[in-house]
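Here's the structure, in structure tokens; my notes come after.
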Amino acid sequence: NADSVFKACYYNAENEQPHLFKARMIQELNLEMFVEDNWDIVERLNRIVRTHQPNFACWWVSNIMDSGIAYPHKALSLNQAIDGIAFGRQTKKTKLLVASDFYYPHWTGLAQSFMHYLSAIQDQFSTQVRTVQFRVDLPKCSQVNKVVVWRSAALLSLSRAKLSLQYLTDVWRAAAVTDTILVNSPSAHIAWVAAIALFRGKRLVVFHNGDLLLPKGGINKVVEYIFDISTHFACLVAQSVGTYTQDYAKHSRILSKHLHKCRAVGIPLLPTPTKPEVTPKQAQLSTAQMAVQSAQLRTVKNLSKTYTQKQLVGFAGRFVEEKGFDILFAAIPLVLKHNPNCMFVFAGEVAMGYERFFERNEALYKAVKSHVVLLGLLDGEALEEFYRQIDIFVLPSRSDCFALVQAEAALHQVPLVVSDIPGARDLVTTTGCGLLFTSENHLDFAAKIIQVLEQPPAYQRKQAVADYFDYAKRTRSFKQLLTD
């Protein structure tokens, strides 16, 4: 639809010389840039327009036959010229290309955390994100908190990963006009992105969100092995490697081999989160979707009224094996025996598609079903209300580099009970905002839940948590990771 792409169209109705008509319109409209595929016209436009507009740039869409002509604003296709216009403008800021398999509005911590990082560094970096279109209704291009996000079409799915040849082509093209490439790991494309950085001669930074941990099985072991080899290669090529905590780095299958270049950089979270600013607002919710969200929000807001005199224990995330919710289900009967006046409230999806973990543990769920509330996937206001309603938050993960949900809960002054595993335990260990339990031990898990429920205010550490998530300090650290 031309109306959604072009603001206005101008025709050479008087049949002027092409270069004179174009020069006149450029000056009348005060255009900073223009795209032209005729080299003679490019030369003439530069001579005429730059007399009055020294900063004017004419992008030349050339072809392979013109490879001998040197020109600063040269592209081999219209797409490449658009990349140059969108991201190749002269700026004092460092140009940062972010390669991430997932990005907002994908709801996993891997995607959401990076949105916080990139929003925090806009004063120093001119950033574009290249990601894969995980839903076909998402726009090819949008802005999220003023960061340009380009989405490439997915070719096929592998577990939860979306593979895309177009994504690699787009990253290759965009790398030509960037200074630094930041790859968000785990990534199914990480080896290729690292190779692109190597061949383009660009600085590469790898930010590792956690080792890949799949359910037992021969095929999954092969997938993990391929992931490890690919990520090791990227870390070898990279100038810098980052992750959330040094604790996790020391115990990671990947990062423990690259500690000499690895830096711990926590998420820069604001005490009062703001809703992401997305432009254009193309992904409008249907009436049915809006009704579901409104019903969810009402349900969450009424939790304390619905379950009067009950203590609410919150848990959230993807219902997969590494998140350990089966351990929680095994602990719930022991908690109820000591404290029958509590409910366990889950924010997230149980049907993951690529891993049928909930179905395999349905018997455990049915045994405690009367004391478990499944709210579904929450976002925005409903998720904020979820944290306000619960009395404590639990994280039973078998593996978790650093769970964004526990950080959000802690910032809402909600005490935590967290698995004593590398990375995840760092917040509780540093601030004292909860208790740790022995990983995969449902008996110890139940005991710690009971202990925190007896006196939740004793584990609220407002100032310690605020210091832990010091926004300015964490933003500086992330900038240093990208530049040092």
Side-chain angles (χ1 to χ4, degrees), residues 75-83 86-87 97-112 114-115 128-142 144 147-178 181-200 202 204 206-215 217-234 237 278 282-283 318 320 349 351-356:
L76 290 174
S77 67
L78 180 58
N79 276 339
Q80 199 174 80
I82 290 171
D83 282 341
F87 198 58
L97 168 62
V98 177
S100 180
D101 285 8
F102 297 104
Y103 199 72
Y104 184 87
H106 202 274
W107 59 276
T108 55
L110 179 144
Q112 298 283 344
F114 247 51
M115 181 181 68
Q128 67 163 314
V129 175
R130 293 286 173 168
T131 187
V132 181
Q133 191 181 32
F134 70 92
R135 277 198 340 245
V136 293
D137 63 307
L138 293 172
K140 296 288 185 181
C141 180
S142 64
V144 180
V147 173
V148 179
V149 180
W150 298 87
R151 300 179 180 90
S152 307
L155 180 64
L156 54 93
S157 297
L158 178 63
S159 185
R160 71 164 170 159
K162 301 289 184 182
L163 304 182
S164 172
L165 289 176
Q166 183 191 332
Y167 169 76
L168 295 174
T169 302
D170 292 341
V171 169
W172 169 261
R173 228 177 50 224
V177 291
T178 193
I181 299 175
L182 170 63
V183 60
N184 193 12
S185 170
S187 166
H189 307 89
I190 192 167
W192 296 103
V193 174
I196 288 170
L198 191 62
F199 283 112
R200 286 288 197 187
K202 304 296 180 178
L204 177 68
V206 173
F207 193 92
H208 190 60
N209 286 265
D211 299 344
L212 188 65
L213 185 65
L214 298 174
I219 295 176
N220 284 341
K221 283 297 177 187
V222 172
V223 172
E224 284 184 4
Y225 180 75
I226 293 171
F227 161 81
D228 286 2
I229 294 295
S230 300
T231 310
H232 274 304
F233 167 70
V237 172
V278 182
Q282 291 174 307
R318 295 177 296 122
V320 293
E349 292 181 330
M352 299 310 301
Y354 57 85
E355 189 175 327
R356 296 176 60 82

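From a predicted model like this one, the values you see are computed outputs, not experimental measurements.
Across every non-hydrogen atom of Ala175 and Arg200, the tightest pair is CB-CG, 3.9 Å. Nearest heavy-atom pair, His189 versus Val132, reported as atom, atom and distance to 0.1 Å: CE1-CG2, 4.1 Å. The nearest pair of heavy atoms linking Val237 to Ala194 is CG1-O, 3.9 Å. Ser164 approaches Ala154 most closely through the heavy-atom pair CB-CA, 4.1 Å. Taking all atoms of both residues into account, the shortest heavy-atom contact from Tyr103 to Val144 is CE2-CB, 4.4 Å.
Counting heavy atoms from C-beta on, the side chains of Met115 and Val147 never come closer than 4.5 Å. The shortest distance between side-chain heavy atoms of Asn209 and Pro186 falls below 4.5 Å. With a 4.5 Å cut-off on side-chain heavy atoms, Trp192 and Trp172 do not count as touching. Contact of the Pro105 side chain with the Phe134 side chain is registered, since non-hydrogen atoms from C-beta on lie closer than 4.5 Å. A 4.5 Å side-chain heavy-atom check between Ser230 and Ile226 finds at least one atom pair inside the cut-off.
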For this session: Assess whether side-chain contact (heavy atoms from CB on, under 4.5 Å) is satisfied between Val183 and Phe207, documenting all intermediate values.
Result: CA-CA 6 Å; Val183 60; Phe207 193 92; over 6 Å; no
For this session: Start with the C-alpha gap between Gln128 and Arg130, add the side-chain angles, then the distance that decides, and say whether side-chain hydrogen bond (donor to acceptor under 3.5 Å, both in side chains) holds.
Result: CA-CA 7 Å; Gln128 67 163 314; Arg130 293 286 173 168; 3.1 Å; yes
For this session: Report the C-alpha distance between Asn184 and Asp101 in whole Å, list the side-chain angles of each, state the deciding distance to 0.1 Å, and finish with yes or no for side-chain hydrogen bond (donor to acceptor under 3.5 Å, both in side chains).
Result: CA-CA 7 Å; Asn184 193 12; Asp101 285 8; over 6 Å; no
For this session: Test Gln166 against Asp170 for side-chain hydrogen bond (donor to acceptor under 3.5 Å, both in side chains), laying out the working first.
Result: CA-CA 6 Å; Gln166 183 191 332; Asp170 292 341; 3.3 Å; yes
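Sparse packing is recorded around CD1 of Ile219, with 12 or fewer heavy atoms of other residues, nucleotides or ligands lying under 6.0 Å away.
Remark: Glu224 CD to Thr231 OG1 distance equals 11.5 Å, nearest 0.5 Å. Remark: Lys202 NZ to Leu182 CG distance equals 15.0 Å, nearest 0.5 Å. Taking CG from Leu204 and CD1 from Ile181, the interatomic distance works out to 6.5 Å, rounded to the nearest 0.5 Å. Atom CG of Asp228 is separated from atom CZ of Phe233 by 15.0 Å, given to the nearest 0.5 angstrom.
No donor-acceptor distance shorter than 3.5 angstrom exists from the side chain of Glu349 to the backbone of Arg318, with no hydrogens or angles considered. Panel note: side chain Tyr167, backbone Ser100; a donor-acceptor pair is recorded below 3.5 Å. The backbone N or O of Leu165 sits less than 3.5 Å from a side-chain atom of Thr169, completing a donor-acceptor pair. Using modelled atom types, no side-chain atom of Lys140 and backbone atom of Trp150 make a donor-acceptor pair closer than 3.5 Å.
Ring-centre distance between Phe114 and Tyr104: not below the 6.0 Å cut-off.
Side chains of Arg151 and Ser142: a donor on one and an acceptor on the other come within 3.5 Å.
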